[in-house]
Amino acid sequence: MIRLEQVAKHYVLPPGSAAGGGLFHAVKPTSLTIAAGERFGLIGFSGAGKSTLLRLINLLERPSSGSVWLDNQALSADDPAALRAARRQLGMVFQHFNLLNNRTVAGNVALPLELAGVDQATVEARVTEVLAWVGLADKAQQYPARLSGGQKLRVAIARALAPRPKVLLCDEPTSALDPLTAGEVVDVLRRVNAELGVTLVLVSHSIPLVRALCTRAAVMDGGEVIEELRFDAGEVEPRTEIARRLLAASGVAHV
Amino acid sequence: MSDSWTIVVDILPELAVAAGQTGLMLAISLSAALLFGGPLGVLLFLSDAGQPLARRWLFVLLNTVVNTGRSFPFVILMVALVPFTRLVAGTTIGPVAAAVPLSVAAIPYFARLVEQSLREVPRGVVEAAQAMGATVSQIVFKVLLVEARAGLVLGFTVLAISLLSYSAVAGVVGGGGIGDLAIRYGYYRFQTEIMLVTVALLIALVQVIQFTGNRLARLLDHR
Ligand SMILES: Nc1ncnc2c1ncn2[C@@H]1O[C@H](COP(=O)(O)OP(=O)(O)OP(=O)(O)O)[C@@H](O)[C@H]1O
Ligand SMILES: [Mg+2]
C-alpha cells in the first residue's frame, strides 16, 4: 500500500549557522513497506527524524531523493492534481491538531469534503455520521477553542476520516493529553483500523502507546531506521541499544 | 455665546456637504484598497519563502513596490501624482480627484496590513489544508482569509482612520471635506467655533470607526 524507496530528506544549513553550512540529513535513505490495513509505528527519541519521515509519506516534505509510492502510484509534486487526489487517501492528524478556530466542529470536519467539491447535502450527512462515530455529535456547533484536548483530537480524527481515506497518518497524537484521555483516543484509533479498515501510521516516543496500537514499529535514530520491532509475536526482543533504552524508558523492557 | 451658536448653526449645511465629500473620498479609496491592496497583500504573503507560491523574485518585486508606495509622505505623493490624477479623474480638484492619491496611498498600506494578518495564521493550519489536498486558491479563501478575518478587519479599521486624516490634507489642496472646512474657517478666518466643531466631528468619527471595527473583529473571532 505505502512503499518508500530510498527516500531521504536533507536541509541546506545556512553558511552562518553553528554547523557552518553544509547539509543536515534529517532522514537518510530509507525504504519501508506498509501493508493495507496494517498498524505501523515510528518510534525514536526526539530529533530522530520520525515526523520528517511521516511527512514524507504525503509529501508535506518533498523528498531530497528517493520515491514514495501509494498503491503502485508514485507521488510527485510535479503533478499537483494527482498529488491532491493522493492526499485525499492519506488522512493526517497533527500533534497540535491544527483545527480552524473560526470554523465550528462541523465546519472543520466538512472542510476536506468541501475542498474535494462534494455537494452540500452529502457533506452534511457525512459530517453528522463521522461526528457521531467519534462520539462528538453534541459538539457539532461548538468552536474548537471551547473543547478539551481529547475532544479536539477527536475532531481532528473525524476531519481526517471524513473523506474516507485509506490511511491515517498520526504524529504524536496523544502527547498533549493526560493518560486517561490518551487511553480513550487509543480506543478510537483502534476502531478506525478495526471497523473502517484504515491503515494506521503512528509516530510516537511513547512505547506503551505504540505497543497498544501497533503490530509493528520502526525504531529511528539519527535519521535512519535502525531496527524493526514486532508487538504481535510475544515478547519484544530489542537488538539495538536505542530500542532497549526506549523500552526501558517506558518501563516495559521485560513484558 | 449666542454669537458662537449662530456661527455653528450657519455652518451646518456646509458641514453636511463637507462630511459627504469626506465620505466619498473614503469610500473610493477604501474600495480601491480592498480591490487592489487586498490581492496584492495576499500575493505578497504567498510568494514569501516557505509559503505555497514561494517565488523569490516575485516576493522581492512586490515587497519593493509596497515599500516604495508606503515611503512617500502623503503631501508629496499628492503633488507628484497631479498629472496621473488629471488623467484618471479628468480634474485635480474635488473629492473624486482627491481620492486618486488617497487610493494610491491606501493600496500598498492595506497590502502590508493584509500580509501581516495572514502571517498570524498558524503554519500548521495551512499544512493541514495542504494535507487534505487543498489548492492554493482554496487555501486562500477557505483557510487564510477565514482564520485571519479578525486581524483583517482591525487592519482595515486602522486604514480607514489613517485615510480620514490623509483626506483632511487632500482637502486643503482642493479636495473639499471636513479637514478643508476646518482650515478655511477655523484657521484662515479665525472662527475658532468652527474649528472646534469640525475637530469634534473628526474625533467622533474616529471613535465610531474604531468601535465598529473592534466590535466586528470580536464577533468574527472564535479563537
Ligand atoms: N526545516 C528544517 N531545517 C533544518 N533542520 C530541520 C528542519 N526540520 C527538521 N529539522 C531537523 O531534522 C531532525 C529531525 O526532525 P523531526 O521533527 O523529524 O524529529 P522527530 O523524531 O519527529 O522529533 P520529536 O520527537 O522531537 O518530534 C531534527 O534534528 C530537526 O532539527
Ligand atoms: Mg516529531
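Order of the sequence lines fixes the chain letters, A, B, ..., with proteins taken first and strands second; residue numbering starts at 1 for each chain. This one's a predicted model, so the numbers in the text were calculated from it and none came from an experiment.
Proximity to chain B is limited to the backbone of L99(A), based on heavy atoms less than 4.5 angstrom apart. When heavy atoms are compared at a cutoff of 4.5 Å, V143(B) approaches chain A by way of both its backbone and its side chain.
The shortest distance between side-chain heavy atoms of V114(B) and L152(B) falls below 4.5 Å. For the pair L90(A)/P165(A), no side-chain contact is recorded, criterion being any heavy-atom separation below 4.5 Å from C-beta on.
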Interface of chain A and chain B, donor-acceptor atom pairs under 3.5 Å:
residue, atom, partner, partner atom, Å
R55(A), NH1, E127(B), OE1, 2.9
R55(A), NH2, E127(B), OE2, 2.7
R87(A), NH1, Q130(B), O, 3.2
N98(A), ND2, G124(B), O, 3.1
N101(A), N, E147(B), OE1, 2.7
N101(A), N, E147(B), OE2, 3.3
N102(A), N, E147(B), OE2, 2.9
N102(A), OD1, H222(B), N, 2.9
N102(A), ND2, V146(B), O, 2.8
E114(A), OE1, K142(B), NZ, 2.7
L115(A), O, Q138(B), NE2, 2.8
Y143(A), OH, H222(B), NE2, 3.4

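Contacts with chain B were tallied for L100(A), L83(A), V93(A); L100(A) has the most, counting heavy-atom pairs under 4.5 Å.
With sequence neighbours excluded, the residues forming a side-chain hydrogen bond (donor to acceptor under 3.5 Å, both in side chains) with R39(A) are N193(A), listed by chain and number. Every residue two or more places apart in sequence or in another chain was checked for a ring pair (Phe, Tyr, Trp, His ring centres under 6.0 Å) with F40(A), and none qualifies.
When all heavy atoms of V42(B) and L145(B) are compared, the closest pair comes out as CG2-CD2, 4.4 Å.
By the 6.0 Å and 45° rule, R191(A) stacks over the aromatic ring of W133(A).
Among residue pairs with one or both ends in residues 16-33 of chain B, none qualify as salt bridge (Lys or Arg N to Asp or Glu O under 4.0 Å); sequence neighbours excluded.
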